[in-house]
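The structure that follows is given in the form of structure tokens.
As the structure is a computational prediction, the values presented were derived from the model and not from experiment. Excluded from the calculations below are hydrogen atoms, water molecules and symmetry mates; all remaining heavy atoms, backbone and side chain alike, are included. Letters A, B, ... are given to chains in the order of the sequence lines, protein chains preceding strands, and every chain is numbered from 1.
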2 protein chains.
Amino acid sequence: MERSAREVFLHYLQDSGMNMTPQRATIVEVFLREEGHFSPEQLYEAVGRVDPAIGQATVYRTLKLLTESGLAVTLDTGDGATLYEHGYGHEHHDHLVCLHCGNKIEIMDPTIEERQQRIARENGFELTRHTMLLYGICPECRDTSEH
Amino acid sequence: MERSAREVFLHYLQDSGMNMTPQRATIVEVFLREEGHFSPEQLYEAVGRVDPAIGQATVYRTLKLLTESGLAVTLDTGDGATLYEHGYGHEHHDHLVCLHCGNKIEIMDPTIEERQQRIARENGFELTRHTMLLYGICPECRDTSEH
DNA sequence: ATATCTGCAAATAATTTGCCCTGAC
DNA sequence: GTCAGGGCAAATTATTTGCAGATAT
């Protein structure tokens, strides 16, 4: 059976010569409870509700570890701040983003994924990862802004 | 016949109630001479070789105008800095980026573009634009790092 | 004249780092 | 006792903004 996210993180730390600490444990737990996409600031606030003594820097440092361990995935929508989402036990997906309300829909298209592989191969690249963001106006915002 | 990039920019300024100024003229000229992808900082340096009196803020402000007018397009590779490239008289394309040397290859796949439209439509979105970045290791870097 | 622009420096915003202290083994 | 880890505040980086003087129409 599959390892739990906590175990994956613990093994990552151990393999890298790092330790699980109370702060890291708290941050992972809170991280796993969060849903959707959130900023380091939002996670910091949620962590603060559990243990107000944990500092921002520790949240940032731990988010980096979570990303390296595969538990977290970054989502950069180009508006200055990096968002994070769950990356372990979740299928890969891309995003459809509303430019008006910021709502994000997860999308996945096997044909696109396959073409991406092909493009990389044709250029002699070994594909590591990719990001694809489709920007537009969602149905709700289109209705609202009708005149 | 097609309007020159300078004309497009001039018309954009006029339509928006703004003026062409010596600084803006210099920045557009230098911008149009640049090739590939470059940062505001790089453009600022190139502009400085023509007119050292032009400030960074003016370069940033003008880059924003260039983007709004369609002459420039932004490219956010997620490593902190926004890059710019030419957007007028250039076909739309996406990028294949080497994680090792930073080299960027322009790519374009009609099938992907078509599927993106379909995904947007299926979700009721009106698609405005998109970004797609494929990250990997380029052939040169793969050869070099062989052991 | 009047509104737009500019350079400069200060202000932001997001994130990282330095440093000294604390706690675990 | 040693050393990783952590809190705090200072530092960094990229970009934006306020302002007072200069400029275009």
(Q) Nearest whole Å is fine: how far is dG6(D) C1' from Y44(A) OH? (A) 13 Å
Q) Given side chains that start at C-beta, do those of F38(A) and E85(A) come closer than 4.5 Å, heavy atoms only? A) no
Q: Write down the distance between CD (Q42(A)) and C1' (dA14(C)), rounded to a whole number of angstrom.
A: 14 Å
Q) Does Q42(A) reach the main-chain N or O of S39(A) with its side chain, forming a donor-acceptor pair under 3.5 Å? A) yes
Q: Measure the distance from CZ on R24(A) to P on dA24(C) and round it to the nearest whole Å.
A: 14 Å
Q. Are the side chain of Y135(A) and the backbone N or O of T77(A) linked by a donor-acceptor pair below 3.5 Å?
A. yes
Q) In whole angstroms, how far is the P atom of dC5(C) from the CE atom of M18(B)? A) 6 Å
Q: Would you mind building the protein contact string for nucleotides 10-25 of chain D? One character per nucleotide, 5' to 3', B for base within reach (heavy atoms under 4.0 Å), S for sugar-phosphate only, - for untouched.
A: ----SBBBB-------
Q.
With side chain to side chain donor-acceptor pair (under 3.5 Å) as the test, pick out the partner of H92(A) among H130(A), R129(A), E106(A).
A. H130(A)
**Q.** Q23(A) CD to dC21(C) P, straight-line distance once rounded to whole Å
**A.** 18 Å
(Q) Rounding to an integer number of Å, can you tell me how far Q14(A) CD sits from dC25(C) P? (A) 13 Å
Q) Where does the angle between the aromatic ring planes of H93(B) and H95(B) fall among parallel (under 30°), tilted (30 to 60°) and perpendicular (over 60°)? A) perpendicular
Q: For L63(B) and dT6(C), give me the distance from atom CG to atom P, rounded to whole Å.
A: 13 Å
Q: Measure from the side-chain N and O atoms of T58(A) to the backbone N and O of I54(A), and report whether any donor-acceptor pair falls under 3.5 Å.
A: no
